[in-house]
Amino acid sequence: MGSAFGEATGVVVDTHVGRISRRLGLTRHADAVKAERDLAALLPRDHWIAFSHRVIEHGRTVCTARAPRCEACPLADLCPKVGVL
Ligand code: SF4
């Protein structure tokens, strides 16, 4: 809905968005519905769609599940690195 029609009906929380949002301290919840509520409360509605796309790309290229590349991350100065080994 968001990408095709521009309708921000919620913040998409897939595995990347959930993991990175927890690492960044934006939510403590592993449950996607609860994490989505936290993100929706933090983000302006007109950023909901782009936020998920950007975080998914970040999760695929930099903040991967097994080996986050914190040394190359543009968010390193802001990130508490919650849950990173
Ligand atoms: S600093 Fe590390 S843990 Fe934090 S978002 Fe960047 S890659 Fe992920």
Side-chain angles (χ1 to χ4, degrees):
M1 289 295 290
S3 295
F5 302 106
E7 289 188 27
T9 56
V11 181
V12 172
V13 178
D14 74 345
T15 182
H16 298 294
V17 175
R19 178 183 71 254
I20 294 167
S21 295
R22 287 190 298 279
R23 285 178 175 172
L24 287 168
L26 303 178
T27 184
R28 291 183 295 112
H29 295 292
D31 178 86
V33 173
K34 292 178 180 175
E36 192 271 343
R37 283 193 201 122
D38 287 344
L39 294 172
L42 287 171
L43 298 164
R45 193 180 191 101
D46 61 346
H47 287 252
W48 286 3
I49 299 167
F51 175 82
S52 293
H53 285 301
R54 289 173 180 148
V55 174
I56 289 167
E57 182 64 16
H58 187 60
R60 289 174 175 159
T61 58
V62 180
C63 192
T64 61
R66 293 189 180 187
R69 299 171 49 229
C70 300
E71 73 287 351
C73 179
L75 301 175
D77 289 344
L78 303 171
C79 180
K81 301 173 181 61
V82 176
V84 174
L85 300 176

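In each ligand, atom 1 is the first atom listed, and ligand 1 is the first ligand listed.
- Distance from atom 5 (S) of ligand 1 to its nearest protein heavy atom, with residue and atom name: His58 NE2, 3.6 Å.
- The shortest distance between side-chain heavy atoms of Leu26 and Phe51 falls below 4.5 Å.
- Of all protein N/O/S atoms, those under 2.8 Å from atom 4 (Fe) of ligand 1 are Cys79 SG, and waters are not counted.
- The minimum heavy-atom distance between Ile56 and Val17, with the atom names listed, is CG1-CG2, 3.8 Å.
- No side-chain heavy atom of Lys34 sits less than 4.5 Å from a side-chain heavy atom of Asp38.
- Ser21 places none of its side-chain heavy atoms less than 4.5 Å from the side chain of Val13.
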Under 3.5 Å, which donor-acceptor pairs do the side chains of residues 70-85 form with other protein atoms, sequence neighbours left out?
residue, atom, partner, partner atom, Å
Lys81, NZ, Ala76, O, 3.1

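- The shortest non-hydrogen separation linking His53 to Ser3 is NE2-OG, 2.7 Å.
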